[in-house]
Amino acid sequence: QGSRRSWEVPSPSLVAPAMPGPGVPGLGTEPALVTEPRLRPPEERLAKPRGEALVADFAAGSGSASSVQPKTLDGVFCFGGDEEEHLAKAAAARSAEDPRAQVLGMLKLADIHAQAGRLQEAAKEVEDAQSLIRELRFEEGRACTLVLIAKIYAKQGKLSTADQLDEALDLAVEAQEKFQKFGAKKCEAAALLALAAVRHVAGNYEDGNLAAKESQVLLEEMGEASAVAEVYHVVADGYLLRDDTKRASTWVSKAKEIQQDLGNRRKVAECLHRLGEIDIRANDRAKAVATLFEAQSLFKELGDLKGEMVVLKTLQDFHLKKGRLAEAIGIGQEMVTTCHDIGDTRGEGNALMSLAELLLEKEEIDLCEKVLRTAHQVFTKCRDADGVGKVMTLGAHLKNAALKRQIKESITANADQAHYPVHHMVELGLQQRTAEAFAALKKGL
């Protein structure tokens, strides 16, 4: 506890940039959050002085030299929303003259990355903010950092160690207490939601639900309906941790209803995408495909080609998992077209590479060669050396596959002429591979 209260802000040590496993059971059979016991009695909370909990307009000079207003602090955490809008606010804060605003901009960017599952990027932003926080003795910024570290560990899911989860629990509780003192209600809700997610990953589902409920109550007091929908997503995560897809789907549906009432169609599309993913996990193929196509159609109607790409990738992975290679190839072609339409050159190259791999697996040698040639041109255009390297590597595999096909065709032709069954012929290189296998076995013994 003493080290955590120093200005040496703890740094998140990531195991891998993984998304959290499903996660947040325990909220009961009906889709209504438990109401008691709360982490604090309502009369205690109402007795605390509160500042205005408005989304901050990050601009030069936000926050005074001595303190930061609660409404400015409350702008750090996203609770969903439009990523481009949040990125613009973070950029404005980072370019401000006030170093405190710069810190908050860095932490807001960290929250954006964490929300999207880009955990390595989130951890880097947190670490970059630490030196300024120590120099300024910026208590409010440090409290935000505690929430972000807890969130990162929660997002890692089961990859987080027991010590990391214990640390995350302590940090989230400390942050919640500090934000209550600062009067930053939305930040306090963010701390409680991070606490809920950590408890779920640690297997303490009931206590996690209590924290989620507390976060929900705070957000409802502020009239933050869209943020409440994000709480429901955390609840759904909890149920998925226990493979309860039915309840998880119920909570995501409730979040979708909120977004529909708010007229946020992009968020509705995201909810539909997530419902499709849950249906896949529940092995409900027909429902999954129908829901994902509905999400894709809505993204397309909104002109959100990036969202459409995410849905197409989910559909492609689903078909591949079920062994439907032809369907996966068809979706791959659509992904290439979508990336080209949005001007995502690197994404187009990667989509072409994925398509080429599928074609090679299906032994469509000629078509694969054409796709690879196009991918090489695309990567060369955007000067992506790694992409060009991937093309060369897959090209070598393609060359081997083409040679193997020629040998098979030659053997088949010769076998017909000699009236000798093909399966009796020794496959080229079989003897060499057999000798190498025995040599390796001998060496091992």
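Values below: every heavy atom of this structure, side chains too, minus hydrogens, waters and symmetry copies.
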Heavy-atom distance under 4.5 Å between the side chains of [X] and [Y], does that happen here?
{"X": "T250", "Y": "Y232", "answer": "no"}
{"X": "I258", "Y": "S226", "answer": "no"}
{"X": "T337", "Y": "H340", "answer": "no"}
{"X": "F179", "Y": "V147", "answer": "yes"}
{"X": "E301", "Y": "R265", "answer": "yes"}
{"X": "E357", "Y": "C368", "answer": "no"}
{"X": "R199", "Y": "L195", "answer": "yes"}
{"X": "V388", "Y": "D384", "answer": "no"}

Taking the side chain from [X] and the backbone from [Y], do they hold a donor-acceptor pair closer than 3.5 Å?
{"X": "Q115", "Y": "F79", "result": "no"}
{"X": "R266", "Y": "D304", "result": "no"}
{"X": "K300", "Y": "E308", "result": "no"}
{"X": "T291", "Y": "A288", "result": "no"}
{"X": "T338", "Y": "E334", "result": "yes"}
{"X": "R285", "Y": "K322", "result": "no"}
{"X": "S249", "Y": "T245", "result": "no"}

For the student: nearest non-hydrogen atoms of [X] and [Y], plus distance:
{"X": "R346", "Y": "C382", "answer": "NH2-O, 3.9 Å"}
{"X": "V231", "Y": "S215", "answer": "CG2-OG, 3.9 Å"}
{"X": "I278", "Y": "L240", "answer": "CG1-CD1, 4.2 Å"}
{"X": "A197", "Y": "A154", "answer": "CB-CB, 3.7 Å"}
{"X": "G141", "Y": "L107", "answer": "O-CD1, 3.4 Å"}
{"X": "Q316", "Y": "G332", "answer": "NE2-CA, 3.4 Å"}

Notebook entry, point to check: So which of E221, E220, M222 actually passes side chain to side chain contact (heavy atoms under 4.5 Å, CB included) with E224?
Noted result: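 Testing each of E221, E220, M222 against E224, the sole residue satisfying side chain to side chain contact (heavy atoms under 4.5 Å, CB included) is M222.
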Out of curiosity, [X] [atom1] to [Y] [atom2], how far, rounded to the nearest 0.5 Å?
{"X": "L272", "Y": "S253", "atom1": "CG", "atom2": "OG", "answer": "9.0 Å"}
{"X": "L358", "Y": "E327", "atom1": "CG", "atom2": "CD", "answer": "11.5 Å"}
{"X": "L352", "Y": "L394", "atom1": "CG", "atom2": "CG", "answer": "11.5 Å"}
{"X": "C271", "Y": "H233", "atom1": "SG", "atom2": "NE2", "answer": "3.5 Å"}
{"X": "K256", "Y": "H273", "atom1": "NZ", "atom2": "NE2", "answer": "15.0 Å"}
{"X": "K151", "Y": "F77", "atom1": "NZ", "atom2": "CZ", "answer": "6.5 Å"}

Taking only Lys NZ, Arg NE, NH1 and NH2, and the carboxylate oxygens of Asp or Glu, determine whether [X] and [Y] approach each other closer than 4.0 Å.
{"X": "D128", "Y": "K124", "answer": "yes"}
{"X": "E125", "Y": "R94", "answer": "yes"}
{"X": "D317", "Y": "K321", "answer": "no"}

Next item on the list: Pick out which of E139, E140, E188, E174 makes a salt bridge (charged side-chain N to carboxylate O under 4.0 Å, His left out) with K181.
Entry: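 The option that passes is E139.
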Next item on the list: Taking the six-membered ring of F318 (Phe, Tyr or Trp), confirm whether the NZ or CZ of R324 is under 6.0 Å from its centre and within 45° of its axis.
Entry: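 Satisfied, under 6.0 Å and within 45°.
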Notebook entry, point to check: Is the count of non-hydrogen atoms from other residues, nucleotides or ligands lying under 6.0 Å from Q260 atom CD greater than 12?
Noted result: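 Result for CD/Q260: enclosed.
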Margin query: Taking NZ in K267 as the centre, count heavy atoms belonging to other residues, nucleotides or ligands within less than 6.0 Å. Is the count above 12?
Written below: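 It does: K267 NZ has more than 12 such atoms within range.
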Check: Would D207 and L210 satisfy side-chain contact (heavy atoms from CB on, under 4.5 Å), going step by step from the backbone distance to the final call?
Finding: CA-CA 5 Å; D207 286 345; L210 295 178; 3.8 Å; yes
Next item on the list: List the steps, then state whether side-chain contact (heavy atoms from CB on, under 4.5 Å) holds for L315 with Q296.
Entry: CA-CA 10 Å; L315 277 168; Q296 180 193 1; 4.2 Å; yes
Next item on the list: Begin from the C-alpha positions of F379 and N350 and carry the test side-chain contact (heavy atoms from CB on, under 4.5 Å) through to its verdict.
Entry: CA-CA 9 Å; F379 283 129; N350 290 329; 3.6 Å; yes
Next item on the list: Would you please test H376 and L372 for side-chain contact (heavy atoms from CB on, under 4.5 Å) and show each step?
Entry: CA-CA 6 Å; H376 186 273; L372 266 184; over 6 Å; no
